[in-house]
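Sequence lines set the chain letters: A, B, ... in the order given, protein chains first and strands last, and positions in each chain run from 1.
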Amino acid sequence: MPELPEVEVVRRGLERWVTGRTFDSVEVTHPRATRRHVAGAMDFASRLRGRTVAGVHRRGKYLWLSLEPGTDEALLAHLGMSGQLLVQPATAPDEVHLRVRLRFADSVDSVDSVDSAANGTELRFVDQRTFGGLSLVGTDEQGLPLPVAHIARDPLDDQFEDAAFTAALRRRRTGLKRALLDQSLVSGIGNIYADEALWRARLHYARPTDAMTRAQGAEVIAAARAVMVEALARGGTSFDSLYVDVNGASGYFERELAVYGRAGRPCLRCGALVVREPFMNRSSFRCPRCQPRPRRPHA
DNA sequence: CGGAGCTCCTGGGGGC
DNA sequence: TGCCCCCAGGAGCTCC
């Protein structure tokens with residue numbers, strides 16, 4: 001599933017392939033893909049036509065294309081669990097789970113585009129599980145899409161402040177993993193990287209946040225950042241074949257995961273067997289020796 | 001309003 | 001072989 005590093009890989013691919021190009025006809029082939037666009041799929045498609053991509057941006061797992069003319073709207077995307085944004089030749093066969101096709105003026109008229117390699121391609125949103133979607137939304141004075149306004153900065157953001165994060169974390173009355181997954185506290189962390197960060201910091205998911213030390217807070221956010229930086233260097237995680245980057249190439253970071261999905265196999269640090277436990281209707285993986293259950297665990 | 005639980009969805013895989 | 005159930009989980013929503 002795409003988390004921050006994977007989304008960043010997609011952002012870079014989009015920046016390379018769609019910046020400066022103008023949308024022509026847009027076809028929504030599954031209504032659920034634009035469910036967040038309140039005015040409906042028809043409105044989404046008609047308002048996008050003629051707009052030019054000015055830039056590609058990301059916060060946490062949200063991606064958006066800033067549009068010209070004007071600076072008051074953006075094309076917002078979330079990949080959900082299985083979403084892909086593919087730049088494909090217009091002649092390529094439709095993917096089984098194609099949800100939205102976005103044609104460009106250059107792929108219709110064959111006029112010269114900024115990048116001739118992009119000529120004849122279209123942008124496709126493909127999503128098996130349909131948790132992801134696209135919408136055309138308003139932006140605030142900073143150009144931030146309104147639905148993203150409540151999302152915290154992510155650990156790779158220049159303006160992310162570790163000390164402020166740690167302070168906010170210690171004010172919460174919840175369990176550490178719940179806090180890491182709360183996108184209003186820190187964004188971009190999903191179930192996989194949360195487990196990896198907790199393993200690196202040697203902390204249990206149920207550790208009460210209000211009892212954590214500043215050093216532990218700093219350690220866990222540094223661990224999350226380190227995992228993401230390493231994943232990004234490898235082109236993003238993709239053990240789930242559903243996730244493919246913007247040009248269709250899979251990443252292979254899954255082999256680097258230390259605990260996630262490794263139940264019953266030895267901890268890479270101490271050799272104790274990794275355990276899988278139900279948590280928030282999903283799974284948590286941890287080393288029972290490196291990450292012992294706290295005396296006063298929080299759910 | 002902070003915190004927690006529910007819900008949306010599809011296809012692969014295991015059990016019988 | 002076929003059917004049924006479980007599992008994967010991001011984040012908006014609702015409820016307390």
So A:Phe104 and A:Phe23, would you call those rings parallel, tilted or perpendicular, with 30° and 60° as cut-offs? parallel
Calculate the interatomic distance between [X] atom [atom1] and [N] atom [atom2]; express it in whole Å.
| X | N | atom1 | atom2 | result |
| --- | --- | --- | --- | --- |
| A:Asp127 | C:dG10 | CG | P | 13 Å |
| A:Ile192 | C:dC7 | CD1 | C1' | 14 Å |
| A:Asn281 | C:dG10 | CG | C1' | 13 Å |
| A:Tyr193 | C:dG10 | OH | C1' | 15 Å |
| A:Phe279 | C:dA8 | CZ | P | 14 Å |

Could you walk me through whether A:Thr139 and A:Asp72 pass the side-chain hydrogen bond (donor to acceptor under 3.5 Å, both in side chains) check? CA-CA 5 Å; A:Thr139 55; A:Asp72 57 334; over 6 Å; no
N/O (side chain, A:Thr174) to phosphate O (OP1/OP2, B:dA4) under 4.0 Å: yes
N or O in side chain of A:Arg172 less than 4.0 angstrom from B:dG3 OP1/OP2: yes
Across nucleotides 8-13 of chain B, 5' to 3', mark each nucleotide with B, S or - according to how protein heavy atoms within less than 4.0 Å reach it. BBBS--
Do A:Arg124 and A:Thr29 pass the side-chain hydrogen bond (donor to acceptor under 3.5 Å, both in side chains) test, and can you show the C-alpha distance, the side-chain angles, and the key distance before you say yes or no? CA-CA 11 Å; A:Arg124 297 181 183 180; A:Thr29 55; over 6 Å; no
By nearest atom, which of the nucleotides B:dA4, C:dC7, C:dG10 is closest to the A:Arg178 side chain? B:dA4
Excluding sequence neighbours, so at least two apart, what forms side-chain contact (heavy atoms from CB on, under 4.5 Å) with A:Ala152? none
When you measure from the centre of the six-membered ring of A:Phe279, is the NZ or CZ of A:Arg178 under 6.0 Å away and within 45° of the axis? yes
Judged by modelled atom types alone, do A:Thr130 and A:His30 share a side-chain donor-acceptor pair under 3.5 Å? no
With distance as the sole criterion, is a donor-acceptor pair present between the side chains of A:Lys177 and A:Ser284 under 3.5 Å? yes
Atom pairs, protein N/O to nucleotides 12-16 of chain C N/O, distance under 3.5 Å:
| residue | atom | partner | partner atom | Å |
| --- | --- | --- | --- | --- |
| C:dG12 | OP1 | A:Tyr62 | OH | 2.2 |
| C:dG12 | OP2 | A:His150 | NE2 | 3.0 |
| C:dG12 | O3' | A:Arg36 | NH1 | 3.4 |

Considering residues, nucleotides and ligands other than A:Arg214, do more than 12 of their heavy atoms fall under 6.0 Å from its CZ? no
Could you check whether atom CZ of A:Arg153 has more than 12 heavy atoms from other residues, nucleotides or ligands sitting under 6.0 Å from it? yes
